[in-house]
Protein chains: 2
Amino acid sequence: MSDKRIEILDLAENLIRTKGYNAFSYRDISGPLQIKNAAVHYHFPKKSDLGEEIIQRTRKKFQLKNKEWSHYSPQRRLDNFIALYEENQSLNLVCLVGALGSSYESLPENMQNNLSEMSREIRIWMMELLKEGLAKKEFNFAEKPNEKADLIIASLLSSLILDKVIRENIFKSVKASILKGV
Amino acid sequence: MSDKRIEILDLAENLIRTKGYNAFSYRDISGPLQIKNAAVHYHFPKKSDLGEEIIQRTRKKFQLKNKEWSHYSPQRRLDNFIALYEENQSLNLVCLVGALGSSYESLPENMQNNLSEMSREIRIWMMELLKEGLAKKEFNFAEKPNEKADLIIASLLSSLILDKVIRENIFKSVKASILKGV
DNA sequence: TTGCATACTTACTGATAAGTAAGTATATTT
DNA sequence: AAATATACTTACTTATCAGTAAGTATGCAA
């Protein structure tokens, strides 16, 4: 994969995660990267091709981490998962699901489908993680694991959004709350 | 306030909360309402005027509920607050903060400011509610009230987004989890 | 009954959007 | 050395966007 192609993906992802999919244009990419608009179209003929690939590579990154962590304890896996969001926060970026999901109906179909699949995968991963943690007595919570999983992924997602809007460290609160609650 | 003006606000709010602020145009309003584009500009010269007023009236609605509920018990106020999100879910709408917040950087300044103020107000309201509930022994949780508040508002916000993306009843899980956790 | 405000429409502008067709420079393969 | 693939640029199209200026119909108030 060429350098420019990756630069385009990186920049576009950043734009999506700060301004949203519908608020950036190919000019916002060609300008900073000092190429022509058509060069972006050469790599990604349609904007939705670019959007789709950003979702797919994010999904692959998650699957890779997932594999890397597979032998870790549930607590450690949870800590690592939360650390992913902490990194996003420090970069002032919302997560991809939050960035795209809130305008779901406006997205091209291929992006909707990819986004949904990735989100389901993360949700199921979290559910399994919590179940395992309960079984191994690492965790100790009263809720059903799937309910807890939804609470955790939902609150992490929003914490990055609210951080920007409220300009308080919502993520920090949410992190503390999650860790006390498992 | 004229009929058409309110119709414009209602439709625009719906568009923002399904497709996002940057994915709708004045044509999406003038078309369905059978008026001309310039008629929308007559009521709201700039798109950001429309956006701002939608945030402001949402804030006023919250303040009104707030006042209406002021003599209710913390538990009942919390139930009512959650019921607001339940209604959104049944209408397949994300909340305004979620819809706008995820593309915060793309918003005109007047909208950013209004959105931030409203969100802070809701957060503080929830913090007070939880503190009061603890003091009155209606609630019983280990976290700090402000941490718990952030968890609750964050998870409710995202549950509506994830509901659409994952097509599972994430809101229901989150609601159950919140109620068990206070 | 004249004047003025309200609530529009008609008709337009200038900017920007996504996307494409055809050409070009460079490197790689045959 | 010729052919081909890669990675672009130039130049363009068509559509849509937010926004505005000027005109019009209707009702109400002085």
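The sequence lines fix the lettering, A, B, ..., with proteins before strands; numbering per chain opens at 1.
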>> Does C:dC8 have OP1 or OP2 under 4.0 Å away from a side-chain N or O of B:Lys36?
In response: no
>> Nearest whole Å is fine: how far is C:dT20 C1' from A:Phe44 CZ?
In response: 18 Å
> For B:Asn37 and D:dA18, what is the distance between atoms CG and P respectively, to the nearest whole Å?
Replying inline: 8 Å
>> How many whole angstroms separate atom NZ of A:Lys47 from atom P of C:dA18?
In response: 5 Å
> Quick one: does A:Lys148's side chain have a donor or acceptor within less than 3.5 Å of a partner on A:Gly181's backbone?
Replying inline: yes
>> Check this for me, if you would: do B:Glu105 and A:Lys19 make a salt bridge, where the nitrogen-to-carboxylate-oxygen distance has to be below 4.0 angstrom?
In response: no
>> Please determine whether a side-chain nitrogen or oxygen atom of B:Tyr42 lies at a distance below 4.0 Å from atom OP1 or OP2 of C:dA7.
In response: yes
> Any side-chain N or O of A:His43 under 4.0 Å from OP1/OP2 of D:dC8?
Replying inline: yes
> Is there a donor-acceptor contact under 3.5 Å from the side chain of B:Glu138 to the main chain of B:Gln75?
Replying inline: yes
> Expressed in angstrom and rounded to an integer, what is the separation of B:Glu7 atom CD from C:dC8 atom P?
Replying inline: 9 Å
>> Heavy atoms within less than 4.0 Å of DNA chain C: which residues of residues 18-28 of chain A have one? Give them sorted by number.
In response: A:Phe24, A:Ser25, A:Tyr26, A:Arg27
> Can we call the ring centroids of B:Phe81 and B:Trp125 under 6.0 Å apart?
Replying inline: yes
> Expressed in angstrom and rounded to an integer, what is the separation of A:Asp49 atom CG from C:dT20 atom C1'?
Replying inline: 14 Å
>> I need the A:Arg27 CZ to A:Ile29 CD1 distance, nearest 0.5 Å.
In response: 12.5 Å
> What is the distance, rounded to the nearest whole Å, between atom NZ of A:Lys4 and atom C1' of D:dT6?
Replying inline: 14 Å
> Who passes side chain to side chain donor-acceptor pair (under 3.5 Å) against B:Ser106, sequence neighbours left out?
Replying inline: B:Asn22
>> For B:Glu13, give me all partners under salt bridge (Lys or Arg N to Asp or Glu O under 4.0 Å), at least two apart in sequence or on another chain.
In response: B:Arg17, B:Arg57
> For B:Ser48 and A:Ile35, take the nucleotide of DNA chain D holding the closest heavy atom to each; which residue's nucleotide lies nearer the 5' end?
Replying inline: A:Ile35
> Please give, in whole Å, the distance from D:dG23 P to B:His41 NE2?
Replying inline: 20 Å
>> If I take atom CZ in residue A:Arg5 and atom P in nucleotide D:dC8, what distance separates them, rounded to the nearest angstrom?
In response: 11 Å
